[in-house]
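In the text below, chain A, chain B and the rest are named by the order of the sequence lines, each starting its count at 1.
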Number of protein chains: 2
Amino acid sequence: MQINQATDYSFRVVLYLSTLPRGEVVEAQTIAQTQCIPMRYLFKIMPSLTRAGIITSQRGVGGGYVLAKDPAEISLLDVIEAIEGPIRLNRCFIDEHYCSKNGPPDCPVHQALAGIQQRLNADFSKVVFSDLLE
Amino acid sequence: MQINQATDYSFRVVLYLSTLPRGEVVEAQTIAQTQCIPMRYLFKIMPSLTRAGIITSQRGVGGGYVLAKDPAEISLLDVIEAIEGPIRLNRCFIDEHYCSKNGPPDCPVHQALAGIQQRLNADFSKVVFSDLLE
DNA sequence: CTTAAAATATACTCAAAGGGTAAACAATTA
DNA sequence: TAATTGTTTACCCTTTGAGTATATTTTAAG
């Protein structure tokens with residue numbers, strides 16, 4: 001019931017990129033240093049953010065990373081899903097066979113969790129990075 | 001970002017006990033069989049529910065488990081906290097030193113997560129077991 | 001007071017996930 | 001073509017999670 005370290009780092013990365021002038025390319029080392037993230041670790045999470053369309057990357061001399069959208073269009077949920085995949089409050093939301101009892105349609109717990117999960121998703125998607133620039 | 005297996009089992013245990021006539025003592029084996037939970041595993045989670053005051057246990061011949069309160073007074077949150085402890089969406093809610101940057105008071109992400117966590121707790125505590133008896 | 005039934009405590013194994021590191025590779029620009 | 005910078009793949013170690021085994025304590029009944 002916790003976001004993982006990679007996601008937390010990613011929040012910081014996106015928040016940092018949001019503070020920069022639109023379109024400014026910044027290299028990995030700068031991000032790592034200013035945000036206190038191990039370089040090697042950073043290299044592991046950046047491709048996920050790129051694939052998710054949150055940032056774009058540029059190789060070669062003068063390369064680096066840029067935000068791909070406006071900070072007002074990137075939510076906490078976008079980053080979470082980019083790194084961890086969709087939020088599933090219980091295993092049976094991934095695969096019904098995990099429910100060794102009657103199965104979802106008849107399971108009142110399942111239904112209650114589904115509602116809570118839906119609200120949680122909504123809450124995470126309501127917060128966008130432009131809100132976080134104080 | 002998922003409740004664990006022990007918590008899911010516990011939901012089932014409490015839900016099952018909620019269906020019984022008030023005060024009826026039922027032994028571990030019956031719970032395990034009807035709810036499809038491994039006996040040994042059940043023995044591991046029951047003490048936590050007892051300590052949390054959700055059920056009471058009785059040893060010896062004719063012993064077993066009983067619900068300690070009315071199902072209307074036991075929430076999903078009660079069970080989650082009994083098994084997993086309080087919900088913390090990020091490590092820095094457990095210990096600030098996990099935040100290798102500025103620390104909570106200045107961290108806008110921290111504040112956003114705190115709000116979401118609070119609502120999540122509220123949602124979990126709103127659902128009580130009497131609601132789940134269809 | 002002894003015995004059997006039941007929960008409790010402790011400890012162990014095995015597999016999976018999380019956090020972090022390393023090195024070879026591919027692309028771009030000067 | 002050489003240097004710079006991101007990408008890919010793979011590995012290691014520690015922690016957590018799921019499940020199992022055994023010995024112990026409590027209690028009621030004979």
Side-chain angles (χ1 to χ4, degrees), chain A residues 1-10 12-13 17 24-33 35-52 54-68 80 82-85 88 90-92 94-95 97-100, chain B residues 1-10 12-13 17 24-33 35-52 54-66 68 80 83-85 88 90-92 94-95 97-100:
Chain A
M1 191 69 73
Q2 212 172 92
I3 60 173
N4 62 29
Q5 184 71 2
T7 304
D8 190 36
Y9 281 154
S10 300
R12 264 194 242 157
V13 170
L17 293 178
E24 179 162 332
V25 177
V26 56
E27 67 185 42
Q29 201 176 4
T30 308
I31 300 178
Q33 282 173 359
Q35 304 309 303
C36 313
I37 303 172
M39 268 289 274
R40 314 275 179 179
Y41 203 87
L42 187 69
F43 279 138
K44 199 162 67 170
I45 62 180
M46 296 311 270
S48 303
L49 295 176
T50 307
R51 269 191 296 273
I54 295 171
I55 60 177
T56 56
S57 63
Q58 200 171 340
R59 292 182 171 190
V61 181
Y65 299 98
V66 203
L67 222 50
I80 292 174
I83 305 293
E84 309 186 15
R88 311 287 194 196
N90 201 356
R91 316 203 218 180
C92 54
I94 300 169
D95 190 339
H97 96 273
Y98 278 122
C99 185
S100 48
Chain B
M1 189 70 72
Q2 210 171 92
I3 60 172
N4 63 28
Q5 185 70 3
T7 303
D8 189 37
Y9 282 154
S10 300
R12 263 194 241 157
V13 170
L17 293 177
E24 180 163 330
V25 178
V26 57
E27 68 185 41
Q29 202 176 3
T30 307
I31 299 177
Q33 282 172 359
Q35 304 310 302
C36 311
I37 302 173
M39 269 291 273
R40 314 272 179 183
Y41 204 87
L42 187 69
F43 279 138
K44 198 162 68 169
I45 63 181
M46 296 310 272
S48 302
L49 295 175
T50 307
R51 270 191 295 273
I54 295 171
I55 60 177
T56 55
S57 64
Q58 200 171 342
R59 290 183 169 193
V61 182
Y65 301 96
V66 203
I80 293 173
I83 305 292
E84 309 186 16
R88 312 286 195 197
N90 202 356
R91 316 202 218 181
C92 53
I94 300 169
D95 191 340
H97 96 272
Y98 277 122
C99 186
S100 48

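Nearest-nucleotide positions on DNA chain D place A/Met46 closer to the 5' end than the other of B/Pro38 and A/Met46. Each of B/Gly64 and A/Met39 was assigned the nucleotide of DNA chain C with the nearest heavy atom; the assignment lying further toward the 5' end belongs to B/Gly64.
Between the OH atom in A/Tyr65 and the CD1 atom in A/Ile31 there is a gap of 7.0 Å [rounded to 0.5 Å].
Residues B/Thr7 and A/Asn90 fail the side-chain proximity criterion, which asks for heavy atoms closer than 4.5 Å. Between A/Leu17 and A/Val26, the closest side-chain pair of non-hydrogen atoms falls below 4.5 Å. Two residues are said to be in side-chain contact when any heavy atoms from C-beta on lie closer than 4.5 Å; B/Met46 and B/Ile55 meet this criterion. Contact check for B/Gln2 versus A/Arg91: side-chain heavy atoms found under the 4.5 Å cut-off. Taking the side chain as every heavy atom from C-beta outward, A/Leu42 and A/Val13 approach each other to under 4.5 Å. When side chains are defined from C-beta on, A/Glu24 does not count as touching A/Val66, because their heavy atoms never get closer than 4.5 Å.
Protein chain B contacts DNA chain D from D/dA18 to D/dA28, reading 5' to 3' and using non-hydrogen atoms of the protein with a distance under 4.0 Å.
With sequence neighbours excluded, no residue forms a side chain to side chain contact (heavy atoms under 4.5 Å, CB included) with B/Arg59. Not counting sequence neighbours, the partners of A/Tyr41 by the side chain to side chain contact (heavy atoms under 4.5 Å, CB included) test are A/Gln5, A/Ala6, A/Tyr9, A/Pro38, A/Lys44, A/Ile45. Take B/Gln58 and apply the side chain to side chain contact (heavy atoms under 4.5 Å, CB included) test, not counting sequence neighbours, and it matches B/Val25.
Within the 4.0 angstrom heavy-atom criterion, only backbone atoms of the sugar-phosphate kind lie near B/Tyr65; the bases stay farther away.
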Next item on the list: Spell out protein contact along nucleotides 12-19 of chain C as letters: B when the base is contacted, S when just the sugar-phosphate is, - when no protein heavy atom is under 4.0 Å; keep the 5' to 3' order.
Entry: -------B
Notebook entry, point to check: Just by protein heavy atoms under 4.0 Å, how would nucleotides 22-30 of chain C read 5' to 3' in B, S and -?
Noted result: BB--BBBB-
